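Counting convention: from 1, in listed order, for ligands and their atoms alike. The model shown is predicted, which means the values in this text are computed figures rather than measured ones.
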Amino acid sequence: MLKHNAHTTLAIKQKPMKFNTKTIHGGQENIDPAYGSVMPPIYQTTTFSQSTPGGHKGFEYSRSGNPTRAALEKSIASIENGKFGLAFGSGLAAIDAVIKLFKPGDEIISTNDLYGGSYRLFTSIFENFGIKFQFIGMGKAKNIEKYINKNTKLLWIETPTNPMMNIIDIEAVSKIAKAHNLLLAVDNTFATPYLQQPLELGADIVMHSATKYLGGHSDVVMGSLVVNQKKLAEKLYFIQNASGGICGPQDCFLVLRGIKTLHLRMQRHCENGEAIAKFLKTHPKVGKVYWPGFEDHLNHDIASKQMKGFGGMISFTTKEDTLKSATALVEKLKVFTLAESLGGVESLAGHPASMTHASIPKEERAKTGVVDSLIRLSVGIEDEEDLIADLKQAMG
Ligand SMILES: Cc1ncc(COP(=O)(O)O)c(C=O)c1O
């Protein structure tokens, strides 16, 4: 039976606030009853005193729950328009908790274009425990139905996908999930709740690598889940506590601080993203540019329907279409940093085939377009002129 921790699994009551207000105040009422601090104290403690066995004030041991983590979990639930939030030590720890809802023989259908680490977790860890995965194109939601069978339990989607920026119609997929009694989980890392709120579109679980835009400053690795159903929240809380993939209070404080400027940062990420996508599209040394804001993007209409903007993530190939040309380009960048990760204030460039997606076999990568000349940009919030000048000089 679940040992209920009131602070962690208590449903937050969504206040009638708009999004920007929620990033600052959502779920943060009475955050420090002792002194009224505006930010929650960092409860750097493993344990909490009890007056009598079991007589605690809501927290007993920091794996089961910690007040700083509870403040963050409520904030994340609030901005995703959900009831229950859970924070983990990384995005992958959050995904790991979701998959642990299932047992040998269960099947999961995932999009075939997804973060390499998620693919690795599914195929190299969970397949060993008898959970089966199918990786399919979900650009057309209808395509999913023919892969569903009596063992299917979960649809796992990322949208926009990493790194090809494919868009999946969350509402259409959620209708399919409901018709077949399946759970739908959405990795909302690229879009953030500022641009897209999957629970509102019918998803059951929304997942984040909070390492990225939620934290926003490239200084914390963290993951999160938000759900609306109490039973599901309790199961996930049980797994969070039983498996122990939690995050520390200092990190929770930092992500909570990051969330307070999410809306402002996302506005600038979107503006700079648009400027750079348009610059790349006309540059003679660039091949294909993948960004959902372009009208000729395969699912631009769906992106326009379910997202408030198109974000700051862009992938492109070099015109020469070789590993050498892509490597030469990223090595010359000076304002963009060549590095793994995304979603921070600083602009980053990555080479998916050898970095973030190296764990996916080359043949699998090729099927989805992750070729050797592909470069992924996480456009930061610097001045757009400096970013464009940097790309120009690097392309020569
Ligand atoms: C879309 C997406 N999901 C999940 C993850 C995993 O998150 P973390 O690195 O915090 O474990 C990443 C990391 O890059 C990601 O890009």
Side-chain angles (χ1 to χ4, degrees), residues 72 76 80 86-100 108 110-126 133 135 138 156-168 170 185-193 195-196 198 203 205-226 240 243-248 251-252 254-255 258-259 269 290 292 307 311-315 337-344 348-360 365 368 370 374-379:
L72 172 69
I76 296 179
E80 279 291 0
L86 296 137
F88 294 83
S90 68
L92 283 175
I95 302 173
D96 177 88
V98 174
I99 309 304
K100 283 178 177 159
I108 293 168
S110 164
T111 172
N112 60 0
D113 173 30
L114 81 167
Y115 170 57
S118 309
Y119 178 88
R120 181 179 53 202
L121 177 66
F122 295 164
T123 56
S124 302
I125 305 284
F126 281 108
F133 291 84
F135 297 94
M138 295 189 182
W156 180 269
I157 68 176
E158 261 180 45
T159 180
T161 59
N162 181 1
M164 296 311 295
M165 308 304 298
N166 288 313
I167 299 292
I168 297 168
I170 300 174
V186 179
D187 182 336
N188 204 25
T189 301
F190 270 34
T192 83
L195 297 179
Q196 153 184 298
I205 302 172
V206 56
M207 174 266 152
H208 279 276
S209 168
T211 314
K212 312 295 167 15
Y213 289 105
L214 297 190
H217 295 76
S218 304
D219 49 12
V220 184
V221 174
M222 193 185 286
S224 70
L225 300 174
V226 180
Q240 184 195 42
S243 286
I246 51 106
C247 42
D251 285 353
C252 292
L254 285 172
V255 172
I259 287 174
H269 283 298
Y290 302 95
M307 298 171 76
M313 295 301 301
I314 304 166
S315 293
T337 303
L338 175 61
E340 306 256 355
S341 204
L342 60 108
L348 301 181
H351 182 250
S354 59
M355 295 165 73
T356 45
H357 291 68
S359 51
I360 301 179
R365 283 202 309 263
T368 55
V370 185
L374 190 80
I375 294 168
R376 190 192 73 184
L377 299 180
S378 168
V379 179

Next item on the list: Could you tell me which non-hydrogen atom of Pro292 sits nearest to which non-hydrogen atom of Met165, and how far apart they are?
Entry: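 Result for this residue pair: CD-CE, 3.8 Å.
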Of all the non-hydrogen atoms in the protein, which one sits nearest to [atom], and at what distance?
| atom | result |
| --- | --- |
| atom 5 (C) of ligand 1 | Tyr115 CD2, 3.3 Å |
| atom 9 (O) of ligand 1 | Lys212 NZ, 3.7 Å |
| atom 10 (O) of ligand 1 | Thr211 OG1, 2.6 Å |
| atom 16 (O) of ligand 1 | Asn162 ND2, 3.1 Å |

Note to self: Among Leu342, Asn188, Asp187, Thr161, which one puts a heavy atom closest to atom 1 (C) of ligand 1?
What the structure shows: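 Among Leu342, Asn188, Asp187, Thr161, the closest heavy atom to atom 1 (C) of ligand 1 belongs to Asp187.
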Check: Where the closest heavy atom to atom 7 (O) of ligand 1 is concerned, which of Gly116, Gly350, Ser209, Gly89 has it?
Finding: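 Looking at heavy atoms only, the winner is Ser209.
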So how far is it from [X] [atom1] to [Y] [atom2], rounded to the nearest 0.5 Å?
| X | Y | atom1 | atom2 | value |
| --- | --- | --- | --- | --- |
| Leu114 | Ile168 | CG | CD1 | 9.5 Å |
| Tyr290 | Asp113 | OH | CG | 10.0 Å |
| Glu340 | Thr356 | CD | OG1 | 6.0 Å |

Notebook entry, point to check: Below 3.5 angstrom, do we get any N/O pair linking Val221 and ligand 1?
Noted result: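 No - when backbone and side-chain N and O of Val221 are compared with those of ligand 1, no distance drops under 3.5 Å.
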Next item on the list: State whether the shortest distance between N or O atoms of Ile95 and N or O atoms of ligand 1 falls below 3.5 angstrom.
Entry: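 There is no such contact.
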Notebook entry, point to check: Taking Gln240 for the side chain and Ala87 for the main chain, is one N or O donor matched with an acceptor at less than 3.5 Å?
Noted result: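 Looks like yes, one N/O pair under 3.5 Å.
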Check: Does the Arg365 side chain pair with the main chain of Ile360, one donor and one acceptor, at a distance under 3.5 Å?
Finding: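 At least one qualifying donor-acceptor pair exists.
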Notebook entry, point to check: Under a 4.5 Å cut-off applied to non-hydrogen side-chain atoms, are Val220 and Thr211 in contact?
Noted result: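 With C-beta onward as the side chain, the pair stays apart.
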Checklist line | Numbering as shown, the atoms of ligand 1 that approach Ser90 to under 4.0 Å (heavy-atom distance) | finding: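 Counting atoms of ligand 1 from 1, those under 4.0 Å from Ser90 are 10 (O), 11 (O).
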Item checked: Met222 neighbourhood, listing ligand 1 atoms whose heavy-atom distance to it stays under 4.0 Å ->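 Answer, ordered by atom number: 10 (O).
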Notebook entry, point to check: Which part of Leu92 is near ligand 1, with near meaning a heavy atom under 4.0 Å away: side chain, backbone, both or neither?
Noted result: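 Both backbone and side chain.
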Next item on the list: With side-chain hydrogen bond (donor to acceptor under 3.5 Å, both in side chains) as the test, would you mind laying out the steps for Glu158 and Asn166 before giving the verdict?
Entry: CA-CA 9 Å; Glu158 261 180 45; Asn166 288 313; over 6 Å; no
